Amino acid sequence: DYVNMGDILDWSATENMTISAWVYRKSVAIDGNIINKKAGNLSTDSGYNIYQYSTGANGGNTCFLISDGTDQYVTCTADETTSTLNRWQIVTVVFDRQNGTAGSTIYLDGVDAEHGPYEAGTPSSVDAAGNTGGLCIGIRTELPVACSTTVNPFNGQIDDVRIYNRILSSSEIAKLY
């Protein structure tokens, strides 16, 4: 199952954001999209995506990717902070354009999950991140305004999705947990 929110929540070149969702992952057989407004994973695909890798090369890491169609920024949790199966876990992503990689991070269960070696690009270099695709929860975006029913569906449940147009502090994030 998935939710298509329609063509909403494109980000301007100056906006920061915090995105949070409770997830209950049942399997790591395939990569799973949590929140996606990006049709593809190339830097030429404008938009953003929060996803969890399968047990492949990145070992279940939770990642955030944002691109303006030219420049992109991606960060993933360190190997030792992978997604946990068969229990509820809160994933929170903070994207801070002004403070760059120091201010952009992924939290798992209210705790900074460290970036690890999977960080590339600079948040301030990413311009407006918008497209005509739908904001999809649990599946990948397809253009125009659609959600794929087959590409990297999240195997589990997603609840209490929150999207803020500001940076939540670490104490605010801890309260979500």
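Not measured: the values here are computed from a predicted model.
With hydrogens and angles disregarded, a donor-acceptor distance shorter than 3.5 Å links the side chain of Ser104 to the backbone of Asp96. Remark: side-chain polar atoms of Ser148 are not paired, donor with acceptor, to backbone N or O of Arg140 under 3.5 angstrom. Lys37 contributes a side-chain N or O that, together with a main-chain N or O of Asn131, makes up a donor-acceptor pair within less than 3.5 Å. Looking at Asp160, its side chain never comes within 3.5 Å of a backbone N or O of Trp22 through a donor-acceptor pair. Of the possible polar contacts, one joining the Thr18 side chain to the Leu168 backbone as a donor-acceptor pair under 3.5 Å is found.
Linking Ile, Leu, Val, Met, Phe, Trp and Tyr residues whenever their side-chain heavy atoms come within less than 4.5 Å leaves Tyr51 and Ile139 in two separate clusters. There is a path of hydrophobic side-chain contacts, each under 4.5 Å, that joins Val3 to Val161. Residue Tyr177 is grouped with residue Ile167 when hydrophobic side chains (ILVMFWY) are merged at heavy-atom distances under 4.5 angstrom, including chains of intermediate members. By the rule that hydrophobic residues join a cluster once side-chain heavy atoms approach within less than 4.5 Å of another member, Trp88 and Ile173 end up as members of one cluster. Using a 4.5 Å cut-off between side-chain heavy atoms of Ile, Leu, Val, Met, Phe, Trp and Tyr, with links allowed through other members, Tyr24 and Ile30 fall into different hydrophobic clusters.
Of the N and O atoms on the side chains of Thr122 and Ser124, not one donor lies less than 3.5 Å from an acceptor on the other residue. Residues Asp68 and Ser46 bring no donor and acceptor atom of their side chains to less than 3.5 Å of each other. Side chains of Lys26 and Asn86: no donor on one and acceptor on the other come within 3.5 Å.
Counting heavy atoms from C-beta outward, Met5 and Cys136 have side chains that stay 4.5 Å or more apart. Looking only at side-chain heavy atoms (C-beta outward), Ile19 and Ile50 come within less than 4.5 Å of each other. In this structure, the side chains of Thr105 and Thr75 stay at 4.5 Å or more apart for every pair of heavy atoms. The shortest distance between side-chain heavy atoms of Tyr73 and Leu65 does not fall below 4.5 Å. Asn33 places a side-chain heavy atom less than 4.5 Å from the side chain of Asn49. Counting heavy atoms from C-beta outward, Met17 and Leu9 have side chains that stay 4.5 Å or more apart. Residues Ile163 and Leu135 are in side-chain contact: their nearest non-hydrogen atoms beyond the backbone lie under 4.5 Å apart. Using a 4.5 Å heavy-atom threshold, the side chains of Cys63 and Tyr53 count as touching.
Of all the heavy atoms in Asn4 and Gly134, the pair that sits closest is OD1-CA, 3.8 Å. Minimum interatomic distance between Asn155 and Ser27 (heavy atoms only, all atoms of both residues): ND2-CB, 3.2 Å. Taking all atoms of both residues into account, the shortest heavy-atom contact from Gly110 to Ile90 is N-CG2, 3.9 Å. Annotation for Glu15 and Asp10: closest pair OE1-O, 4.0 Å, computed over non-hydrogen atoms. Summarising the geometry of Thr77 relative to Ala113, their closest heavy-atom pair is CG2-CB, 3.4 Å, with the distance given to 0.1 Å. Counting all heavy atoms, side chain and backbone alike, Phe95 lies closest to Ile66 at CE1-CG2, 3.7 Å.
Looking at Asp109 and Arg87, a side-chain N of the basic residue comes within less than 4.0 Å of a carboxylate O on the acidic one, giving a salt bridge.
Remark: aromatic rings of Phe64 and Tyr48 are distant, center separation not under 6.0 Å.
Separation of atoms CD1 (Ile158) and CD1 (Ile35) is listed at 7.0 Å; rounding is to 0.5 Å. Between the CG atom in Asp45 and the OG atom in Ser67 there is a gap of 7.0 Å [rounded to 0.5 Å]. Asn152 contributes atom CG, which lies 12.0 Å from atom CD of Gln52 (distance to the nearest 0.5 angstrom). The CZ atom of Phe154 sits 12.5 Å away from the CG atom of Asp1 when rounded to the nearest 0.5 Å. Atoms CD and CZ, on Gln89 and Arg25 in that order, are 10.0 Å from each other to the nearest 0.5 Å.
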When you look at Leu108 and Val91, which way does the side chain to side chain contact (heavy atoms under 4.5 Å, CB included) test go after all the steps? CA-CA 5 Å; Leu108 298 177; Val91 174; 3.8 Å; yes

